[in-house]
Amino acid sequence: MSDKGITKHITATPEMRAYLANADPILGALIEKYGVIDYELHAGYLSALLSNIVGQQLSNRVADVIWSRFLALLDGPLTAEKVLAADDEKLRGAGMSYSKAAYLKNICRAVTEGRLQLDRFDEMPDEAVIAQLTAIKGIGAWTAEMFLIFSLGRADIFSKGDGGLSRAINNLYAGGAELSVKERLAITEAWKPFCSIASLYLWRSLDNQ
């Protein structure tokens, strides 16, 4: 099974911006400051998942180098079958840990066995996508949530385990004091059904910190 290379957008539309600004004046100030936020997402679903695993706990620069070496090992288009056939020692030589190599193969094995139905993700509800993804060893809730936002373009995802979002909420709503998860989630209730869009503005607020 090959990667489809699907292009996705996630965009803060005028309607979304107006809704969020009306629901939350603090968020409204961010929207006024940063204007339209738009991401054009080019990665196919399989490459998005695998590159996320490769890049975990690494700087972007190091992750990019290892990802390039990984693709070079495959010698052609990325497919689940090629990843499964890749020699573990060669993956290790490309800079991956054995555990990351195993996680990549877990994902690809789930794809070839039909347990991970990438071709159906566009039509599946958020909860079903998360359930399929997190059933695979190596994919946690955060990875699944980032996939929903940045690959599927889902508009109403908030990742309570994301450190950047937690820090931004603490800064904006509590003067830097540490809020509890329950307190942060209560703040996000006003953003529904556009929690992903609100999250984009919170991440943007951290760019200069």
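Keep in mind it's a predicted model, so treat the numbers as computed, not measured.
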Between A63 and G55, the two heavy atoms sitting closest are CB-CA, 3.7 Å
Inter-residue atom distance I37.CD1 - I31.CD1, 0.5 Å rounding: 8.5 Å
Pair S97-S99, side-chain donor/acceptor within less than 3.5 Å: yes
Is any side-chain heavy atom of L202 closer than 4.5 Å to one of L206? no
Within a reach of under 6.0 Å around CD of E123, are more than 12 heavy atoms found that belong to other residues, nucleotides or ligands? yes
Side chains of K100 and Q56: does their closest heavy-atom pair fall under 4.5 Å? yes
Separation of S51 OG from I66 CD1 (nearest 0.5 Å): 12.5 Å
Would you say M146 and I157 make side-chain contact, with heavy atoms under 4.5 Å? no
Walk me through whether N106 and I139 qualify under side chain to side chain contact (heavy atoms under 4.5 Å, CB included). CA-CA 9 Å; N106 288 344; I139 300 181; over 6 Å; no
Give a yes or no on whether a salt bridge exists between R61 and D64, defined as a side-chain N under 4.0 angstrom from a carboxylate O. no
Salt bridge check, R154 against E145: does any charged N sit closer than 4.0 Å to a carboxylate O? no
Calculate, to the nearest 0.5 Å, the distance between atoms CZ and CG belonging to R69 and L71 respectively. 12.5 Å
Is it the case that atom CD in Q57 sees more than 12 heavy atoms from other parts of the structure closer than 6.0 Å? no
Verdict with supporting geometry, T188 and L185, side chain to side chain contact (heavy atoms under 4.5 Å, CB included): CA-CA 5 Å; T188 70; L185 289 177; 4.3 Å; yes
Would you give the length of the straight line joining atom SG of C195 to atom CG of D156, rounded to the nearest 0.5 angstrom? 4.5 Å
Distance-only, no hydrogens or angles: does the E183 side chain make a donor-acceptor pair with backbone N or O of S180 under 3.5 Å? yes
Give the intermediate values and the outcome of side chain to side chain contact (heavy atoms under 4.5 Å, CB included) for residues F147 and N52. CA-CA 9 Å; F147 181 82; N52 188 289; over 6 Å; no
On the 0 to 90° scale, with breaks at 30° and 60°, tag the Y34-Y201 ring pair as parallel, tilted or perpendicular. tilted
D122 and Y45: side-chain hydrogen bond (donor to acceptor under 3.5 Å, both in side chains), yes or no, with the steps? CA-CA 10 Å; D122 285 334; Y45 296 169; 2.5 Å; yes
For L172 and S205, the nearest pair of non-hydrogen atoms, with its separation, is CD1-OG, 4.3 Å
Which value, rounded to the nearest 0.5 Å, describes the distance between L78 atom CG and K82 atom NZ? 8.5 Å
What are the two closest non-hydrogen atoms of A198 and L27, and how far apart are they? CB-CD2, 3.6 Å
Might you point out which heavy atoms bring K160 and R184 nearest each other, and give the distance in Å? O-NH2, 4.5 Å
Ring geometry between W203 and F150 (parallel below 30°, tilted from 30 to 60°, perpendicular above 60°): tilted
Report yes if some heavy atom in the side chain of F158 is under 4.5 Å from a heavy atom in the side chain of S196; otherwise report no. no
I'd like to check E81 versus T112 (side-chain heavy atoms, cut-off strictly below 4.5 Å). Are they in contact? yes
Are the side chain of N170 and the backbone of L179 linked by a donor-acceptor contact shorter than 3.5 Å? yes
T11 vs I197 side-chain heavy atoms within contact, under 4.5 Å: no
To the nearest 0.5 Å, what is the distance between CH2 (W67) and CE (M96)? 7.5 Å
Check whether M124 and L118 end up in the same hydrophobic cluster, where Ile, Leu, Val, Met, Phe, Trp and Tyr are linked by side-chain heavy atoms less than 4.5 Å apart. yes
Below 4.5 Å, heavy atoms only, C-beta onward: do N171 and R167 meet side chain to side chain? yes
Would the distance check show the side chain of Q132 and the main-chain N or O of Q117 forming a donor-acceptor pair, the cut-off being under 3.5 Å? yes
Group every Ile, Leu, Val, Met, Phe, Trp and Tyr by side-chain heavy-atom contacts under 4.5 Å, then state whether V181 and L165 land in the same group. yes
Is the ring pair Y173/W191 parallel, tilted or perpendicular, if the boundaries are 30 and 60 degrees? tilted
Please tell me whether F70 and V62 are part of a single hydrophobic cluster in this structure, the criterion being side-chain heavy atoms less than 4.5 Å apart. yes
In this structure, would L104 and V65 fall into the same cluster of hydrophobic residues linked by side-chain contacts under 4.5 Å? no
Do side-chain atoms of S151 reach the backbone of L148 as a donor and acceptor pair under 3.5 angstrom? no
For R92, is there an ion pair with D87 - N to carboxylate O distance below 4.0 angstrom? no
Using the rule given for side chain to side chain contact (heavy atoms under 4.5 Å, CB included), can you reason through E127 versus I130, listing the C-alpha separation, both sets of side-chain angles and the distance that settles it, and then say yes or no? CA-CA 5 Å; E127 295 79 8; I130 290 174; 5.7 Å; no
Note, Y103 side chain near L49 side chain (heavy atom, < 4.5 Å): no
